[in-house]
Number of protein chains: 2
Amino acid sequence: MRYSNATNYALHTMVHLMLQPERSSVGVQELAQMQDLSPTYLSKILTKLTKAGLIESTPGAKGGYKISRTKHNISFLDVIYAVEGETNFFECSIHHEGCLIENVMTQAEENMKSELKSKLLIDIAKKAESK
Amino acid sequence: MRYSNATNYALHTMVHLMLQPERSSVGVQELAQMQDLSPTYLSKILTKLTKAGLIESTPGAKGGYKISRTKHNISFLDVIYAVEGETNFFECSIHHEGCLIENVMTQAEENMKSELKSKLLIDIAKKAESK
DNA sequence: ATATTATAGATATTAAGAGTCTTTAATATC
DNA sequence: GATATTAAAGACTCTTAATATCTATAATAT
Ligand code: SF4
Ligand code: SF4
């Protein structure tokens with residue numbers, strides 16, 4: 001079980017956007033070059049982030065992407081959910097009432113996700129900047 | 001990101017084997033039928049569990065599988081590792097020194113895995129039995 | 001009007017998971 | 001020893017999801 005590369009790209013992009021001066025947009029060209037990616041592929045990922053309301057996009061000349069003005073305190077989990085969807089790690093098609101196996105798996109997953117929810121991009125970005 | 005079906009099958013099989021009387025083997029035929037699976041496919045999963053030392057197999061008539069006599073206190077994590085390998089959820093090919101993104105992802109993963117390590121099959125099996 | 005940039009859709013490629021079939025080796029029973 | 005039973009291993013197919021590219025369209029600044 002592995003997170004997709006798309007999640008990796010999304011996290012890097014978000015941290016980078018966090019470090020931009022207020023109100024300035026960055027184009028997909030630059031974001032892709034930074035990570036050695038094809039712009040069209042990264043574009044698909046950025047569209048997901050946009051639809052999730054984590055970033056804003058402006059088309060046209062001098063356009064690009066910037067962190068959403070309305071959505072503050074973006075967590076790692078927000079980014080992952082935007083890219084991968086909110087599916088559970090463990091899913092059983094049967095769902096017996098009070099299933100003990102599911103209970104364990106779900107609890108473990110919660111432990112992971114609560115950690116990812118508590119970590120904010122802005123904190124990571126600031127730490128990275130101060131290095 | 002989802003755990004494979006194989007992990008699901010393995011967990012069910014292990015719980016079932018936990019509930020068998022001491023020293024009695026169960027054949028793949030029965031284990032597969034129980035879960036509505038093809039025996040040959042389940043067989044591949046069981047071989048992984050055997051190689052990981054979680055169960056023991058005996059070929060031939062009256063053979064089959066039983067919980068390992070040497071490996072006690074088998075955890076959920078043991079089963080998952082046996083089936084899926086011990087790969088990390090998040091892997092970056094670059095590995096910058098002291099990477100902050102990796103730090104967060106790894107910590108979250110640890111939180112999940114420590115939970116899975118603390119949950120033992122025997123406890124789940126006994127609870128399920130007493131229902 | 002023109003250049004720039006995001007969005008969307010179609011399509012191709014790759015990798016992994018899921019599953020089957022067949023052969024071989026080991027064991028118990030008679 | 002012969003036969004039936006069962007696990008292990010290898011080759012193979014099928015399906016799905018991730019990865020990626022290409023093209024056309026829509027929106028925006030200059
Ligand atoms: S016991 Fe739980 S995991 Fe297993 S089939 Fe029932 S609901 Fe699904
Ligand atoms: S910052 Fe971390 S995750 Fe990103 S490329 Fe460097 S090591 Fe990899």
Side-chain angles (χ1 to χ4, degrees), chain A residues 1-10 12-13 17 20 23-33 35-68 80 82-85 87-93, chain B residues 1-10 12-13 17 23-33 35-68 80 82-85 87 89-93:
Chain A
M1 188 168 76
R2 266 200 61 200
Y3 275 116
S4 67
N5 295 341
T7 291
N8 186 328
Y9 303 149
H12 282 84
T13 302
L17 288 180
Q20 298 306 306
R23 298 180 189 291
S24 84
S25 286
V26 183
V28 69
Q29 218 77 23
E30 182 181 334
L31 294 167
Q33 198 165 9
Q35 300 175 67
D36 199 28
L37 286 177
S38 94
T40 40
Y41 180 46
L42 183 57
S43 171
K44 299 244 180 265
I45 299 167
L46 293 176
T47 299
K48 286 186 179 180
L49 295 173
T50 304
K51 285 189 172 162
L54 304 185
I55 57 179
E56 294 173 22
S57 69
T58 50
K62 300 287 170 191
Y65 300 91
K66 57 172 173 281
I67 297 292
S68 164
I80 291 170
V83 174
E84 307 230 344
T87 64
N88 291 332
F89 295 170
F90 184 85
E91 302 225 343
C92 169
S93 48
Chain B
M1 185 167 78
R2 268 200 60 201
Y3 275 116
S4 66
N5 295 343
T7 292
N8 187 329
Y9 304 148
H12 281 83
T13 302
L17 289 180
R23 298 180 187 291
S24 84
S25 286
V26 183
V28 69
Q29 219 77 22
E30 182 181 335
L31 293 168
Q33 198 165 10
Q35 303 175 66
D36 198 28
L37 285 178
S38 96
T40 40
Y41 180 45
L42 182 58
S43 170
K44 297 235 182 275
I45 299 166
L46 293 176
T47 300
K48 285 186 181 180
L49 294 174
T50 304
K51 286 189 172 165
L54 305 185
I55 59 180
E56 295 173 22
S57 68
T58 51
K62 302 285 171 191
Y65 300 90
K66 56 171 173 284
I67 296 292
S68 165
I80 292 169
V83 175
E84 308 228 346
T87 63
F89 296 169
F90 184 85
E91 302 225 343
C92 170
S93 49

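Each chain gets a letter, A, B and so on, in the order its sequence line appears, and its residues count up from 1. Note that these values count all heavy atoms, side chains included, but never hydrogens, waters or copies made by symmetry.
- Distance check: A/Thr13 OG1 to A/Leu54 CG gives 12.0 Å after rounding to the nearest 0.5 Å.
- Comparing A/Val28 and A/Met1 by the nucleotide of DNA chain C whose heavy atom lies nearest to each, the residue mapping closer to the 5' end is A/Val28.
- Counting only heavy atoms from C-beta outward, the side chains of A/Leu17 and A/Leu31 approach each other to under 4.5 Å.
- Scanning residues 47-60 of chain A for heavy-atom distances under 4.0 Å to DNA chain D yields A/Pro59, A/Gly60.
- Inter-residue side-chain proximity for A/Lys66 and A/Thr58 is flagged as met; some heavy-atom pair is nearer than 4.5 Å.
- The distance from atom CG of B/Leu31 to atom C1' of D/dA8 is 16 Å, rounded to the nearest whole Å.
- The minimum heavy-atom distance between B/Glu91 and B/Thr87, with the atom names listed, is OE2-C, 4.4 Å.
- Residues from residues 2-9 of chain B placing a heavy atom under 4.0 Å of any atom in DNA chain D do not occur.
- In this structure a side-chain-to-backbone donor-acceptor pair under 3.5 Å is missing from A/Glu84 to A/Tyr3.
- Residues B/Phe89 and B/Met1 approach most closely at CD1-CE, 4.0 Å, considering heavy atoms.
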* What would the secondary structure line of DNA chain C be in dot-bracket form, counting Watson-Crick and G-U wobble pairs under 3.5 Å, with [ ] for pairs that cross earlier ones and | for pairs with another strand? -> ||||||||||||||||||||||||||||||
With a cut-off of 3.5 Å and sequence neighbours excluded, list every side-chain donor-acceptor pair involving residues 43-53 of chain A.
from: A/Thr47; atom 1: OG1; to: A/Ser43; atom 2: O; distance (Å): 2.9
from: A/Lys48; atom 1: NZ; to: A/Val83; atom 2: O; distance (Å): 3.1
from: A/Thr50; atom 1: OG1; to: A/Leu46; atom 2: O; distance (Å): 2.8

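- Within residues 38-46 of chain B, the residues approaching DNA chain C are B/Ser38, B/Thr40, B/Tyr41, B/Lys44, by heavy-atom distance under 4.0 Å.
- Chain A approaches DNA chain C within less than 4.0 angstrom (heavy atoms of the protein), and the contacting nucleotides run 5' to 3' from C/dT4 to C/dA10.
- More than 12 heavy atoms of other residues, nucleotides or ligands sit less than 6.0 Å from atom CD of A/Gln35.
- Pairing each heavy atom of B/Arg2 with each of B/Asn5, the nearest pair is NH2-OD1, 3.6 Å.
- The residue among A/Ala61 and A/Leu37 whose nearest nucleotide of DNA chain D is located toward the 5' end is A/Leu37.
- When all heavy atoms of A/Val28 and A/Pro39 are compared, the pair lying nearest together is CG2-O, 3.5 Å.
- Atom CG of A/Asp36 is separated from atom CG of A/Leu42 by 11.5 Å, given to the nearest 0.5 angstrom.
- Note: B/Phe90 CZ to A/Ser4 OG = 10.0 Å, rounded to the nearest 0.5 Å.
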